[in-house]
Amino acid sequence: MHVLAFSGSPRRRGNSSLLLAEMLRGAREGGAEIEEIIAEEVNVKYCKGCLRCNLLKRCAIKSDDWLELSQKILIADVLVIASPIYFHHLTASMKKILDRFRSFLHVQITENGLIYIPWHEWKKDFVLILTLGSSSDADAQPVIDLFKYITTILGPQNKLRTIVGTRLAIANQVKMNEEELRTLYPKLKLPAILAEKDYQRNQILLKKCYELGKELAEKV
Ligand SMILES: Cc1cc2nc3c(=O)[nH]c(=O)nc-3n(C[C@H](O)[C@H](O)[C@H](O)COP(=O)(O)O)c2cc1C
């Protein structure tokens with residue numbers, strides 16, 4: 001069982017990274033082989049939009065590490081994408097990688113829309129871990145919709161699980177104890193009374209990530 005995880009935050013102890021770490025801890029304990037890619041650090045260039053992938057069955061860019069990374073993506077059983085929400089979307093470093101997924105597909109334009117034919121058979125578990133500052137998860141919806149779409153066009157056998165953490169603005173916040181949250185919230189102009197509830201909620205979120213990692217690792 002191979003788990004390939006992408007960490008999309010520029011903050012190493014950001015909330016999405018910490019939730020991802022819990023997921024990977026569960027997966028490791030469940031016996032999975034894990035590789036984590038820091039989106040900002042990987043040598044992957046922007047898609048050039050040449051669309052030559054439609055003929056080549058691979059990306060035409062050869063001057064970066066995409067070829068190697070794309071092989072890792074193809075053999076992974078589980079693909080995890082952890083990202084903060086930046087203006088209702090993924091971070092730019094994560095989106096840059098996602099755009100290169102175009103090379104996994106043949107796209108045919110028809111009068112009635114696009115027809116997608118993946119070059120490979122995809123049967124993966126996708127996990128989307130999103131964190132955002134807002135108290136509601138509405139700003140994460142465009143990314144959730146995008147992944148519902150991408151996982152479907154890559155193959156109807158793909159599965160998508162989504163974990164969203166709201167009201168998380170400050171690095172490490174998801175791991176703060178109740179007292180730390182009570183001190184933090186007035187600085188964020190949030191009522192300190194929310195601290196107790198949010199601490200419990202964050203603990204549940206961390207547990208959910210750990211358990212999902214374990215469940216996916218133990219699946220086969
Ligand atoms: C450039 C930028 C844009 C953001 N846009 C949104 C947004 O649209 N909606 C929202 O709720 N939070 C937004 N946030 C807050 C982050 O999503 C939130 O702090 C998140 O937990 C950061 O994740 P990290 O700790 O993993 O880095 C934004 C933060 C930044 C820096």
Side-chain angles (χ1 to χ4, degrees), residues 3-28 34-42 44 46 69 78-99 126-150 160-213 216:
V3 177
L4 184 66
F6 291 94
S7 186
S9 177
R11 304 197 292 198
R12 290 295 86 84
R13 288 203 45 89
N15 299 292
S16 49
S17 311
L18 293 170
L19 291 172
L20 174 62
E22 275 308 287
M23 218 223 98
L24 296 182
R25 188 169 71 84
R28 202 172 286 115
I34 286 159
E35 185 170 0
E36 187 178 352
I37 308 272
I38 309 291
E40 266 197 343
E41 292 175 2
V42 71
V44 168
Y46 288 103
L69 182 57
V78 180
L79 280 184
V80 191
I81 291 93
S83 176
I85 293 295
Y86 279 8
F87 292 122
H88 301 205
H89 219 290
L90 299 166
T91 53
S93 59
M94 200 55 244
K95 180 65 163 61
K96 184 168 76 165
I97 295 171
L98 195 64
D99 284 347
F126 283 73
V127 179
L128 195 52
I129 298 175
L130 302 171
T131 63
L132 64 165
S134 169
S135 298
S136 117
D137 59 7
D139 291 2
Q141 201 54 48
V143 177
I144 297 170
D145 291 343
L146 171 69
F147 272 85
K148 280 185 188 159
Y149 173 73
I150 286 185
L160 175 65
R161 326 271 191 118
T162 304
I163 292 180
V164 182
T166 54
R167 201 145 64 218
L168 295 169
I170 305 301
N172 197 43
Q173 192 177 334
V174 75
K175 282 223 156 169
M176 285 182 185
N177 63 35
E178 199 180 318
E179 199 45 50
E180 288 169 320
L181 290 180
R182 201 169 291 123
T183 310
L184 171 70
Y185 276 14
K187 293 181 197 156
L188 301 179
K189 301 196 177 0
L190 280 170
I193 196 151
L194 288 176
E196 185 183 348
K197 193 181 95 189
D198 283 5
Y199 169 69
Q200 302 296 342
R201 191 198 59 164
N202 293 343
Q203 290 299 304
I204 291 169
L205 196 59
L206 289 158
K207 191 161 176 264
K208 202 169 152 188
C209 288
Y210 170 82
E211 283 173 355
L212 179 58
L216 291 173

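Note that ligands are numbered from 1 as they come in the structure, with each ligand's atoms numbered from 1 the same way. For clarity, every value in this text was computed on a predicted model and none was experimentally measured.
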Closest to atom 27 (O) of ligand 1 (judged by heavy-atom distance), picking from A138, S9, A140: S9
Do you know which two heavy atoms are closest between A138 and S136, and how far apart they sit? N-OG, 3.0 Å
Any N/O pair A169/ligand 1 closer than 3.5 Å: yes
Any N or O of G14 that comes nearer than 3.5 Å to an N or O of ligand 1? no
Charged N to carboxylate O under 4.0 angstrom, E211 versus K208? no
N/O separation below 3.5 Å, G133 to ligand 1: yes
Lys/Arg-Asp/Glu bridge criterion (N-O < 4.0 Å) met for E41, R12: yes
Just jot down the ligand 1 atoms closer than 4.0 angstrom to any heavy atom of S16, in number order. 24 (P), 26 (O)
What's the shortest distance from atom 6 (C) of ligand 1 to any protein heavy atom, and which residue and atom give it? I85 O, 3.3 Å
What heavy-atom pair brings V143 and L128 nearest, and what distance separates the two atoms? O-CD2, 4.0 Å
Are any of the N/O atoms in I170 less than 3.5 Å from those in ligand 1? no
Ignoring hydrogens and geometry, is there a side-chain-to-backbone donor-acceptor pair from R25 to C209 under 3.5 Å? no
For L168, the atoms of ligand 1 under 4.0 Å from one of its heavy atoms are 18 (C), 19 (O), 20 (C), 21 (O)
L132 and ligand 1 - part of the residue with a heavy-atom distance under 4.0 Å: both
Which bit of S134 gets closer than 4.0 Å to ligand 1, counting heavy atoms only: side chain, backbone, both or neither? both
Is a side-chain donor or acceptor of D139 paired with a backbone partner of H88 at a separation under 3.5 angstrom? no
Any heavy atom of R11 under 4.0 Å from ligand 1? The part involved is side chain
Which of the numbered atoms in ligand 1 are below 4.0 angstrom from a heavy atom of F87? 3 (C), 4 (C), 5 (N), 6 (C), 7 (C), 8 (O)
N15 side chain vs Q173 backbone, donor-acceptor pair below 3.5 Å: yes
Side chains of D145 and Q141: donor-acceptor distance under 3.5 Å anywhere? yes
Atom 31 (C) of ligand 1 [closest protein heavy-atom partner, distance rounded to 0.1 Å]: Y86 CE1, 3.6 Å
Note: ligand 1 atoms sitting under 4.0 Å from heavy atoms of D139 are 7 (C), 8 (O), 9 (N), 10 (C), 11 (O)
State whether the side chain of S83 and the backbone N or O of T91 hold a donor-acceptor pair below 3.5 Å, judged by distance alone. yes
